[in-house]
Amino acid sequence: MGKKDPRVDSYIAKARPFAKPVLNHLRQLVHQACPDVEETIKWGMPYFDHRGMLCGMAAFKEHCAFVFWKASLMSDPDKALTRTNRTAMGHLDRITNIKDLPTKPIMVKLIKEAVKLNEDGIRINRAVKPRAKVEVPDYFMAAIRKNKRALAAFEAFPPSHKREYVEWVTEAKRDETRAERLKTTVVWLAEGKSRSWKYAKNRK
């Protein structure tokens with residue numbers, strides 16, 4: 001049988017009203033697709049383990065996010081995952097209500113595929129794209145680590161999204177500008193936003 005973590009109950013209880021039904025729905029789907037799943041809290045957010053990291057969810061100021069730990073290895077025949085050009089953390093883009101999610105059968109299928117990857121011992125070869133590595137200054141990480149949500153979002157973003165933030169901050173010519181950009185970066189990351197979220201919003 002699976003194992004629920006009371007810290008996840010507390011996380012959901014503290015979430016904004018719009019987020020609570022979304023988080024409860026996602027939680028239910030994970031347990032339905034993987035009865036043996038175990039809950040935990042990592043980087044200040046609810047995560048689900050089954051023979052290793054499986055998936056996780058988070059609630060931000062205006063949206064929720066859902067992350068598959070091995071999304072890059074999933075087949076995704078229904079094209080439900082958004083792995084590129086994301087305007088928010090996660091593999092299902094911005095989730096503001098349950099209707100934003102793929103249908104229940106598709107979600108269950110995705111979760112079961114993630115379960116099988118772990119049960120088969122399939123690992124992500126993180127050395128496949130060494131050129132994608134982002135050099136992050138110590139002062140940048142020090143600022144982000146002060147905010148658990150910001151750190152979690154930054155760690156979950158693809159290299160391209162990380163690079164956008166790092167370059168925006170480090171390319172500032174004045175110390176004052178750099179400090180202001182870093183402060184803004186922490187705020188936007190804590191809300192699960194990518195560096196280009198404003199432009200993506202304006203294109204809609």
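We use all heavy atoms of the structure for the numbers below, so side chains are in, but hydrogens, waters and symmetry mates are not.
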| Would Ile95 and His63 satisfy side-chain contact (heavy atoms from CB on, under 4.5 Å), going step by step from the backbone distance to the final call? | CA-CA 5 Å; Ile95 308 168; His63 73 281; 5.7 Å; no
| Does the side-chain contact (heavy atoms from CB on, under 4.5 Å) test come out yes or no for Phe48 and Ile111, once each step is laid out? | CA-CA 11 Å; Phe48 303 92; Ile111 297 168; over 6 Å; no
| Would Thr96 and Glu62 satisfy side chain to side chain donor-acceptor pair (under 3.5 Å), going step by step from the backbone distance to the final call? | CA-CA 7 Å; Thr96 58; Glu62 298 178 348; over 6 Å; no
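Counting all heavy atoms, side chain and backbone alike, Lys104 lies closest to Leu29 at CG-CD2, 3.5 Å. Closest approach of Leu23 and Ala15 over heavy atoms only: CD1-CB, 3.8 Å. Across all non-hydrogen atoms, the minimal contact from Glu113 to Leu73 is OE2-O, 4.4 Å. Residues Asn118 and Gly52 share a closest heavy-atom pair of ND2-O, 3.3 Å. Between Ala153 and Gly192 the shortest heavy-atom distance is CB-CA, 4.3 Å. In terms of heavy atoms, Pro21 sits closest to Pro17 at CD-O, 3.2 Å.
A donor-acceptor contact shorter than 3.5 Å is absent between the side chain of Tyr11 and the backbone of Ile41. Using a distance-only test at 3.5 Å, with no hydrogens or angles considered, a donor-acceptor pair links the side chain of His91 to the main chain of Phe68. Not a single donor-acceptor pair under 3.5 Å links the side chain of Lys3 to the backbone N or O of Val37. Side-chain atoms of Arg178 come within 3.5 Å of backbone atoms of Ala172 as a donor-acceptor pair (strictly under, hydrogens ignored). Lys146 contributes no side-chain N or O that, together with a main-chain N or O of Met141, makes up a donor-acceptor pair within less than 3.5 Å. At distances below 3.5 Å, at least one donor-acceptor pair connects side-chain atoms of Asn97 with backbone N or O atoms of Lys99.
The hydrophobic cluster containing Tyr139 also contains Tyr165, counting ILVMFWY residues as joined when their side-chain heavy atoms lie under 4.5 angstrom apart, directly or transitively. Phe18 and Ile12 sit in two unconnected hydrophobic clusters of ILVMFWY residues. Membership requires side-chain heavy atoms under 4.5 Å apart, directly or through other members.
No side-chain heavy atom of Leu54 sits under 4.5 Å from any side-chain heavy atom of Trp69. Using a 4.5 Å heavy-atom threshold, the side chains of Val8 and Met57 count as touching. Residues Met53 and Lys42 form a side-chain contact, since some pair of their non-hydrogen atoms from C-beta on lies under 4.5 Å apart. Considering only heavy atoms from C-beta on, Val108 comes within 4.5 Å of Gln32 through its side chain. Annotation: side chain of Val186 is not in contact with side chain of Arg145 (no heavy-atom distance under 4.5 Å). Contact of the Phe157 side chain with the Glu164 side chain is not registered, since no non-hydrogen atoms from C-beta on lie closer than 4.5 Å. Considering only heavy atoms from C-beta on, Arg149 comes within 4.5 Å of Phe60 through its side chain. At least one side-chain heavy atom of Phe140 sits less than 4.5 Å from a side-chain heavy atom of Val169.
Heavy atoms of other residues, nucleotides or ligands lying less than 6.0 angstrom from CG of Asp120 number more than 12.
Interatomic distance, Thr184 OG1 to Arg195 CZ, rounded to the nearest 0.5 Å: 9.0 Å. Distance CG/Leu182 to CD1/Ile144: 7.0 Å, rounded to 0.5 Å. Atom CG of Leu26 sits about 8.5 Å away from atom SG of Cys55, to the nearest 0.5 Å. In this structure, CG on Asp5 lies 8.0 Å from CZ on Arg27, to the nearest 0.5 angstrom.
For Lys109 and Asp78, the salt-bridge test passes: some basic side-chain N is under 4.0 Å from an acidic carboxylate O.
The stretch residues 48-60 participates, sequence neighbours left out, in these side chain to side chain donor-acceptor pair (under 3.5 Å) pairs: His50-Glu119.
Listed by chain and number, the residues in a side chain to side chain donor-acceptor pair (under 3.5 Å) with His31 are Glu39 (sequence neighbours excluded). Every residue two or more places apart in sequence or in another chain was checked for a side chain to side chain donor-acceptor pair (under 3.5 Å) with Asn147, and none qualifies.
Phe66 pairs with exactly one of Leu101, Val22, Val30 by the side-chain contact (heavy atoms from CB on, under 4.5 Å) rule, that one being Val30.
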